[in-house]
Amino acid sequence: MDHKPDLPEWHGNGDAMRALQIELARQVSLRDGFAKPLRTVAGFDVGFEEAGSITRAAAVLLDASTLAVIDQQVACLPTRMPYIPGLLSFRELPALLEALNMLSSPPDLAFVDGHGIAHPRRLGIAAHFGVVTGLPSIGVGKSIHVGEARQALHGMRGAFTPLRDGREQIGWLLRSKPGCLPLVISPGHKVAMASAAELVMRFVTTYRLPEPTRLADRLASRRDSQ
DNA sequence: GCGACAG
DNA sequence: ATCTTGTCGC
């Protein structure tokens with residue numbers, strides 16, 4: 001199946017994209033809709049080359065039980081839009097979808113570097129990715145874009161506390177590794193808020209990032225062979 | 001008007 | 001994100 005959603009071209013008007021985000025955000029499902037037990041998962045991340053003119057997306061497919069790498073692909077496309085806070089997905093999604101299509105098979109669950117619904121209009125790149133592909137997805141962010149935590153986060157590995165925007169919970173702050181800044185976890189698509197943090201911890205070994213995203217990160221930033 | 005602002 | 005060595009801390 002080929003995923004080629006009509007992503008609007010960058011003509012300098014972010015208003016059209018913001019309106020589309022609000023529309024797509026209505027299609028997000030916050031109920032668990034992934035295969036149980038999980039058989040495969042995949043990590044997705046984007047990096048840049050040639051001073052940013054080339055967008056390089058990486059997709060790494062793993063066996064959910066053993067964490068063994070089943071397949072990994074890299075897609076390089078010309079960068080067509082600048083980075084604009086809140087509109088990240090329109091810049092990085094094209095390359096990410098290309099990398100997904102190159103995989104031998106789609107994952108039961110996708111971990112995307114960036115936010116899910118922890119976004120101003122509840123459509124971060126992980127949620128956008130999930131809605132256009134129909135795949136269950138979770139956002140794994142390394143810093144907060146919107147929202148704040150009310151309570152202090154415990155230092156113990158696996159501890160988590162709600163990330164909220166006003167009175168609404170939009171994700172979790174997760175201490176994936178002691179002594180490190182917490183990850184910002186939020187549902188993307190077909191994943192319940194209550195399941196998100198636990199699903200991420202299931203794939204964390206000894207690093208801050210869960211294996212799917214950690215491996216994709218290395219591949220996208222071409223540090224896997226260096 | 002001012003400051004913030006995923007990657 | 002990216003440019004980059006050494007350095008502080010668990």
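Fair warning: this is a prediction, and the values are worked out from it, not measured in the lab. Chain identifiers are assigned alphabetically (A, B, ...) following the order of the sequence lines, protein sequences preceding nucleic acid strands; residue numbering begins at 1 within each chain.
Side-chain contact between Arg18(A) and Leu87(A) is present, with heavy atoms from C-beta onward closer than 4.5 Å.
Heavy-atom distances under 4.0 Å link DNA chain B to no residue of residues 151-158 of chain A.
In this structure, the side chain of His119(A) engages the main chain of Gly86(A) through a donor-acceptor pair within 3.5 Å. A donor-acceptor pair under 3.5 Å links the side-chain atoms of Arg56(A) to the main chain of Ala220(A), judged by distance alone. For the pair His115(A) (side chain) and Ser143(A) (backbone), a donor-acceptor distance under 3.5 Å is present. At least one donor-acceptor pair under 3.5 Å links the side chain of Arg218(A) to the backbone N or O of Arg223(A). The closest donor-acceptor contact from the side chain of Arg91(A) to the backbone of Met81(A) lies under 3.5 Å. Looking only at distances, no side-chain donor or acceptor of Asp217(A) sits under 3.5 Å from a matching main-chain atom of Thr213(A). Not one N or O on the side chain of Thr161(A) forms a donor-acceptor pair closer than 3.5 Å with the backbone of Leu153(A).
Paired regions of DNA chain B, requiring three or more successive Watson-Crick or G-U pairs whose two hydrogen-bonding distances fall under 3.5 Å, are not present. Counting only Watson-Crick or G-U wobble pairs whose defining distances are both under 3.5 Å, DNA chain C contains no stem of 3 or more consecutive pairs.
Heavy-atom contacts of chain A under 4.0 Å fall on DNA chain C between two terminal nucleotides, which in 5' to 3' order are dA1(C) to dT2(C).
In this structure Ser53(A) satisfies the side-chain contact (heavy atoms from CB on, under 4.5 Å) test together with Glu50(A), sequence neighbours excluded. Residues passing the side-chain hydrogen bond (donor to acceptor under 3.5 Å, both in side chains) test with Ser105(A), sequence neighbours excluded: none. Residues meeting the salt bridge (Lys or Arg N to Asp or Glu O under 4.0 Å) test with Arg157(A), sequence neighbours left out: none. By the side-chain hydrogen bond (donor to acceptor under 3.5 Å, both in side chains) test, Thr79(A) is found to be paired with Thr55(A), residues two or more places apart in sequence or in another chain being considered. By the side-chain hydrogen bond (donor to acceptor under 3.5 Å, both in side chains) test, Glu211(A) is found to be paired with Thr205(A), Arg214(A), residues two or more places apart in sequence or in another chain being considered. The side-chain hydrogen bond (donor to acceptor under 3.5 Å, both in side chains) search around Gln169(A) returns none, not counting sequence neighbours.
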Query raised in the report: When you check every protein heavy atom under 4.0 Å of nucleotides 1-7 of chain B, what one-letter string (B, S, -) results, 5' to 3'?
Result: ----BBB
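Applying the salt bridge (charged side-chain N to carboxylate O under 4.0 Å, His left out) definition to pairs two or more places apart or across chains, those involving residues 142-151 of chain A are Asp113(A)-Lys142(A).
Residue-to-nucleotide proximity on DNA chain C shows that, of Asp217(A) and Pro178(A), the 5′-proximal contact is made by Asp217(A).
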